Amino acid sequence: MSITPPDYDAIIVGAGAAGLLCAALAGQRGRRILLVDHSPEPGRKILISGGGRCNFTNIGAGPDNFLSANPHFARSALARYTPADFLALVDKHRIAWHEKTLGQLFCDGSARQIVAMLLDECAAGGVTTAFGAAVDIAHRDGRFHAGTASAPRLVLATGGLSIPKLGATGFAYDTARRFGLKIVEPRPALVPLTLAGGEALFTSLSGVAAPVAASARTGPAFREAALFTHRGLSGPAILQASSYWRNGEEVTVNFLPDLAPGWLIAAKRAEPRSTVRRLLARHLPERLADTLAAQLDLSAELANQPDRALDSAERRLAAWTFRPNGSEGFAKAEVTVGGISTAELSSQTMEARKVPGLHAIGEAVDVTGWLGGYNFQWAWVSAAAAAGAL
Ligand code: FDA
């Protein structure tokens, strides 16, 4: 790689969400920044995010919307660079946006506008870019070297392992390990789960969606849609739960989160001639109602069902357990949970405590957001925290 001038204040590896904003903010503070990426095109995940419209933040983003071995780590950075700060940048560039649901902000037009905005901001900060060539980092005499360029600071912004075909690599983890930093085991997150054995029958519902509340053994219940697929379970509620799910554990689905306890016995009193299947079909898609009713094995009219059986059916519908045999893996995961341990980093500057000058930001760090614009917000806030220290 031939890059001039050879001396920079910082080299940032990874021109994704976090690296682009970090470069722009540091450049605009007068720092000489070299931003490198092995991909010829910066911000590829931004381009495909949010179905091409980029859910670039969530106005409600707070520490509770993130997973990390240290749930307090993100607090300070989140407080110092808020969704309103990023929105001000979006507004400055006259990018039209709308709130879709649950505080999720999307571009009206295209995710391309967000990448263009970040590249404009980099240009305004005089950032030097080198895209499309492999990056090799050496550390000598207290400086970080990339080809002929060197700097006293290096920012790891190469993201997680999700979607290798978009250029994801373990570069940040490997480099961090080389410097003796601990890694929290990376796992696919926001990922569809697969079903097998007796539960494989649910895959015949492929394409059926329903509003549910889904939860893993740890983590909250997410009230969003679940979607059955030809391989198992997906949809926002399942993707959210998947971030907390570990191999071998169950996922619990409440198929009727809006019904008050006792609804089934109350229905028996009100409509003794009805059936469980018919009642379910009032709230759920027909095919799902059929499958659940068949599994419950209560085909007779409600009048002929003992209260005890109806009570137990109601409980099962409110806490249906699936035991996925796996997930669709990093090839389909929207993000990676785990990464460079926050115990190694300053929450103020994202600098490694034991390697002065080495910073890590974005998805490479063990902070993972829920679905809904939180992962970009973490990319922005960690970028801003590091940029202030470059
Ligand atoms: P990011 O992955 O953006 O960038 C890393 C960069 O490093 C890439 O440019 C890559 O080429 C480069 N790189 C990797 N290895 C390298 C190496 N060895 N050498 C040099 N460069 C290297 N989030 C959200 O909040 N709202 C949303 O709408 C979506 N939608 C969405 C859809 C899909 C399909 C996916 C896969 C993900 C999302 N996300 C999301 C998640 C979001 O895209 C993700 O969390 C951020 O892009 C992470 O930003 P980073 O900058 O940390 O990594």
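Bear in mind the structure is a predicted one, so any value in this text is a computation, not a measurement. One-based numbering, in listed order, for ligands and for the atoms of each.
- Ranking protein heavy atoms by distance to atom 21 (N) of ligand 1, first place goes to His38 N, 3.3 Å.
- In terms of protein heavy atoms, atom 48 (C) of ligand 1 is closest to Glu363 OE1, 3.4 Å.
- In terms of polar-atom proximity, Gly50 is counted as a contact of ligand 1, with an N or O under 3.5 Å from an N or O of the ligand.
- In this structure, Leu205 CG and Leu292 CG are separated by 8.0 Å, a value rounded to the nearest 0.5 Å.
- At the shortest separation from atom 46 (C) of ligand 1 among protein heavy atoms lies Phe376 CE2, 3.7 Å.
- With values rounded to the nearest 0.5 angstrom, Leu20 atom CG is found 5.5 Å from Ile46 atom CD1.
- Near Gly362, the atoms of ligand 1 lying under 4.0 angstrom from a non-hydrogen atom of the residue are 52 (O).
- Contact between Glu334 and ligand 1 is present, with at least one heavy atom of the residue lying under 4.0 Å from the ligand.
- Ligand 1 lies out of reach of Ala168, whose nearest heavy atom is not under 4.0 Å from it.
- When only interatomic distances are considered, the shortest N/O to N/O separation between Ala17 and ligand 1 falls below 3.5 Å.
- A pairwise comparison of heavy atoms in Gly167 and Arg44 identifies N-NH1, 4.5 Å as the closest pair.
- Taking atom 29 (C) of ligand 1 as the reference point, the nearest protein heavy-atom neighbour is Ser49 CB, 3.6 Å.
- Thr82 places a side-chain N or O within donor-acceptor distance of the main-chain N or O of Asp85, the cut-off being under 3.5 Å.
- Among protein heavy atoms, atom 26 (N) of ligand 1 sits closest to Asn55 O, 2.9 Å.
- Ionic pairing of Asp307 and Arg269 is present here: one or more N-O contacts between side-chain nitrogen and carboxylate oxygen are shorter than 4.0 angstrom.
- Listed by number with element, the atoms of ligand 1 under 4.0 angstrom from any heavy atom of Ile48 are 34 (C).
- Atoms of ligand 1 found under 4.0 Å from any heavy atom of Gly373 (numbered from 1 in listed order, with element): 24 (C), 25 (O), 26 (N).
- The distance from ligand 1 to the heavy atoms of Ser39 drops below 4.0 Å at these ligand atoms: 11 (O).
- The shortest heavy-atom distance from Ser162 to ligand 1 is not under 4.0 Å.
- For atom 8 (C) of ligand 1, the nearest non-hydrogen atom of the protein is Asp37 OD2, 3.4 Å.
- With ligand atoms numbered from 1 in the order given, ligand 1 contributes 5 (C), 6 (C), 7 (O) to contacts under 4.0 Å with heavy atoms of Ala157.
- Between Glu344 and Lys354 a salt bridge is recorded (basic side-chain N to carboxylate O distance below 4.0 Å).
- A salt bridge is defined here as a Lys NZ or Arg NE, NH1 or NH2 lying under 4.0 Å from an Asp or Glu carboxylate O, and Asp7 with Arg143 meets this definition.
- Only the side chain of Val335 comes within contact range of ligand 1, with a heavy atom under 4.0 Å; no backbone atom does.
- Contacts of Ala15 with ligand 1, taken as heavy-atom pairs under 4.0 Å, involve the backbone alone.
- At the shortest separation from atom 14 (C) of ligand 1 among protein heavy atoms lies Gly167 O, 3.3 Å.
- A salt bridge is defined here as a Lys NZ or Arg NE, NH1 or NH2 lying under 4.0 Å from an Asp or Glu carboxylate O, and Glu314 with Arg308 fails to meet this definition.
- Salt bridge annotation for Arg277-Glu286: present, with a cationic side-chain nitrogen under 4.0 angstrom from a carboxylate oxygen.
- Lys268 is listed as a side-chain neighbour of Leu310, based on a closest heavy-atom distance under 4.5 Å.
- With respect to atom 51 (O) of ligand 1, the closest heavy atom belonging to the protein is Ala18 N, 2.8 Å.
- Looking at Tyr374 against ligand 1, only its backbone comes within 4.0 Å, counting heavy atoms.
- In this structure, CG on Leu390 lies 8.5 Å from CG on Asp9, to the nearest 0.5 angstrom.
- Using a 4.0 Å cut-off between charged nitrogen and carboxylate oxygen, Asp174 and Arg177 count as a salt-bridge pair.
- The Ile163 neighbourhood of ligand 1 comprises atoms 36 (C), with distances under 4.0 Å to a heavy atom of that residue.
- In this structure, the ring of Phe376 has its center no less than 6.0 angstrom from the ring center of Phe56.
- Between Asp366 and Thr342, the side chains place no donor N or O within less than 3.5 Å of an acceptor N or O (distance only, hydrogens not considered).
- Residue Asn375 approaches ligand 1 through these ligand atoms, each under 4.0 Å from one of its heavy atoms: 23 (N), 25 (O), 45 (O).
- Distances shorter than 4.0 angstrom do not occur between any heavy atom of Pro42 and any atom of ligand 1.
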